[in-house]
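Report on the following structure.
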Protein chains: 2
Amino acid sequence: MKIGHLATAVGMDIQTLRYYESQGLLSEPARLQNGYRDYPDEAISRLKFIKKAKLVGFTLKEIKDLLAIQVTKDEHTCQEVKSFTQVKLAEISNKIEELQRIKVALEKIHTSCCGGDETAAHCSILSALEN
Amino acid sequence: MKIGHLATAVGMDIQTLRYYESQGLLSEPARLQNGYRDYPDEAISRLKFIKKAKLVGFTLKEIKDLLAIQVTKDEHTCQEVKSFTQVKLAEISNKIEELQRIKVALEKIHTSCCGGDETAAHCSILSALEN
DNA sequence: TTAAACCCTAAAGCATACTATAGAGTCAAG
DNA sequence: CTTGACTCTATAGTATGCTTTAGGGTTTAA
């Protein structure tokens with residue numbers, strides 16, 4: 001399977017596939033006589049794995065590590081795999097908390113402003129940022 | 001006031017101040033005879049403004065725009081200022097929602113895994129990512 | 001006078017995940 | 001035989017907010 005075909009099959013860009021290869025997420029495929037990449041069918045499932053992992057928030061580096069475990073499942077434990085989701089969940093929870101803190105602070109100054117046509121000379125949003 | 005003094009006063013790095021100047025958040029200060037920057041006292045309040053604005057999630061570019069309004073408050077309306085917090089609030093809410101979507105998806109596959117000592121051959125996390 | 005502490009500019013580096021560009025070879029159809 | 005679609009490599013650019021590096025003046029205190 002040539003790269004364009006694979007890209008279409010998984011809904012990704014050709015450049016992205018080459019980029020993933022450069023980052024070690026996709027192993028170097030065989031080459032045709034003309035130098036074109038020739039992917040095995042498994043490349044599709046591997047890319048689908050990457051897509052799903054991205055959807056749940058993993059970075060490419062983390063996905064690379066996950067894939068390394070996945071191809072040698074037998075030599076790894078559930079515990080090991082679960083620690084990935086554990087860490088990521090904590091990260092995401094922290095981000096959400098941080099954003100919620102920001103949101104609350106922002107809402108506070110937002111609602112304190114009339115939002116009217118008058119000049120901003122005494123705007124409470126600006127005041128809040130000044131003091 | 002020299003840059004080191006200012007940096008200490010506001011708890012920022014000297015490099016950061018110069019960077020802010022390069023980005024137009026801080027106007028170019030007067031220079032001493034030796035070429036050293038000589039800041040007016042107002043620089044402190046301006047930097048505090050920047051700090052607060054960052055704390056509520058504004059980017060440097062947005063802060064630059066906010067500062068432009070702030071220095072000519074009289075020529076701007078509350079409405080105008082409030083639209084900044086409005087837009088930012090919407091952005092933050094979207095990010096939170098996205099993260100919560102991710103969190104839910106991740107929690108689902110996380111809790112489905114036993115996390116035990118056995119091999120990951122049948123790990124439900126990996127399965128979830130594969131299918 | 002000399003060493004520490006302070007200041008200057010310009011440019012590169014970092015992290016993330018691509019995206020774009022340049023320049024060039026290959027293949028299939030008409 | 002040429003045109004369009006496909007592929008290749010290598011390099012640079014994007015966005016964000018700094019941080020670091022390199023190389024070099026200035027000031028102050030001992």
Side-chain angles (χ1 to χ4, degrees), chain A residues 1-26 28-39 43 46-67 87-88 91-92 94-95 98-99 102, chain B residues 1-26 28-40 43 46-47 49-67 87-88 91-92 94-95 98-99 102:
Chain A
M1 190 173 17
K2 284 188 286 182
I3 197 168
H5 187 179
L6 177 58
T8 304
V10 297
M12 287 177 170
D13 199 285
I14 287 177
Q15 326 275 57
T16 302
L17 301 192
R18 287 198 279 243
Y19 174 68
Y20 285 175
E21 182 181 326
S22 79
Q23 298 308 107
L25 278 90
L26 233 45
E28 291 184 20
R31 297 288 182 136
L32 298 172
Q33 287 185 329
N34 56 18
Y36 290 8
R37 287 173 179 78
D38 184 25
Y39 292 97
R46 194 161 171 103
L47 284 168
K48 284 186 177 169
F49 184 102
I50 294 174
K51 272 188 119 172
K52 290 230 175 67
K54 274 173 62 65
L55 272 180
V56 292
F58 288 111
T59 65
L60 293 190
K61 197 199 161 315
E62 289 159 348
I63 295 171
K64 183 180 169 183
D65 295 343
L66 268 173
L67 281 166
V87 167
K88 183 54 64 179
E91 262 179 52
I92 291 171
N94 285 341
K95 271 190 201 157
E98 168 73 358
L99 284 175
I102 289 177
Chain B
M1 189 174 16
K2 284 188 286 183
I3 198 167
H5 186 178
L6 178 58
T8 305
V10 298
M12 285 177 172
D13 198 286
I14 288 178
Q15 327 276 55
T16 303
L17 301 190
R18 288 199 277 245
Y19 174 68
Y20 284 175
E21 182 182 326
S22 78
Q23 299 307 109
L25 278 89
L26 235 42
E28 290 184 21
R31 296 291 180 134
L32 299 171
Q33 290 185 326
N34 57 18
Y36 288 10
R37 287 174 180 77
D38 184 26
Y39 291 98
R46 196 164 171 98
L47 284 167
F49 185 102
I50 293 172
K51 271 188 121 172
K52 290 230 177 64
K54 273 172 61 65
L55 272 180
V56 292
F58 287 111
T59 65
L60 294 190
K61 197 197 163 317
E62 288 159 350
I63 295 171
K64 183 181 170 182
D65 295 342
L66 268 173
L67 282 166
V87 167
K88 184 54 64 179
E91 264 179 50
I92 291 170
N94 284 341
K95 271 188 203 159
E98 169 73 358
L99 284 175
I102 289 176

Practice task
Scan A:I3 against the nucleic acid and name what it touches under 4.0 Å (heavy atoms): base, sugar-phosphate only, or nothing.
Solution key: sugar-phosphate
Practice task
Take A:G4 and B:F58, find for each the nucleotide of DNA chain D with the closest heavy atom, and name the residue whose nucleotide sits nearer the 5' end.
Solution key: A:G4
Practice task
Would you mind reading off the distance between A:D38 atom CG and D:dC6 atom P, rounded to a whole angstrom?
Solution key: 17 Å
Handout entry: A:M12 CE to C:dA17 P, straight-line distance once rounded to whole Å
Key = 12 Å
Handout entry: A:Y19 OH - D:dC8 P separation (whole Å)
Key = 18 Å
Completion exercise
Taking D:dT7, C:dC18, D:dG17 as options, the one with an atom nearest any side-chain atom of B:K54 is D:dG17
Handout entry: Between C1' of D:dT20 and CG of B:L17, the distance in whole Å
Key = 16 Å
Practice task
Enter the distance from A:I3:CD1 to A:I14:CD1 here, rounded to the nearest 0.5 Å.
Solution key: 5.5 Å
Handout entry: Phosphate contact (C:dC18 OP1 or OP2) by A:Y20 side-chain N/O below 4.0 Å
Key = yes
Handout entry: Donor-acceptor contact below 3.5 Å, side chain B:T16 vs main chain B:M12
Key = no
Handout entry: DNA chain D: 5'-proximal contact among B:Q15 and A:H5 (nearest heavy atom)
Key = A:H5
Practice task
Scan for side chain to side chain donor-acceptor pair (under 3.5 Å) pairs involving residues 48-59 of chain A, sequence neighbours excluded, and state none if there are none.
Solution key: A:T59-A:E62
Exercise for the section: Starting at atom CD of A:Q23, determine the distance to atom C1' of C:dC18, rounded to an integer number of angstrom. Expected result: 10 Å
Practice task
Would you indicate, yes or no, if C:dT26 has its OP1 or OP2 atom less than 4.0 angstrom from a side-chain nitrogen or oxygen of A:R31?
Solution key: no
Practice task
May I ask you to verify if any side-chain N or O of B:R37 is less than 4.0 angstrom from the OP1 or OP2 atom of C:dC6?
Solution key: no
Practice task
Kindly compute the distance separating OH (B:Y39) from CZ (B:R31), expressed to the nearest 0.5 Å.
Solution key: 7.5 Å
Handout entry: OP1 or OP2 of C:dA17 under 4.0 Å from side-chain N/O of A:T16
Key = no
Exercise for the section: In whole angstrom, give the distance that lies between atom CD1 of B:I63 and atom P of D:dC18. Expected result: 9 Å
Practice task
Could you state the atom-to-atom distance from CG of B:D13 to P of C:dC7 in whole Å?
Solution key: 11 Å
Problem - Of the listed nucleotides D:dT26, C:dT26, C:dC8, the one nearest the side chain of A:N34 - result: C:dT26
Exercise for the section: Assign A:R18 to base, sugar-phosphate, or nothing according to its heavy-atom contacts below 4.0 angstrom with the strands shown. Expected result: base
Handout entry: Gap between atoms CD and P, on A:Q33 and D:dT7 respectively (whole Å)
Key = 17 Å
Practice task
Can you figure out which of C:dA17, D:dC18, D:dT7 approaches the side chain of A:I14 most closely?
Solution key: D:dT7
Handout entry: CG-OH distance between B:L25 and B:Y19, expressed to the nearest 0.5 angstrom
Key = 8.5 Å
Fill in the blank from the handout: Out of D:dC18, C:dC8, C:dC18, minimum distance to the side chain of B:Y36 belongs to C:dC8
Practice task
Kindly point out which of D:dC18, D:dT27, D:dT7 is positioned nearest to the side chain of A:K2?
Solution key: D:dT7
Exercise for the section: Please answer whether the main-chain N or O of A:A30 pairs with a side-chain N or O of A:D38 as donor and acceptor at a distance below 3.5 Å. Expected result: no
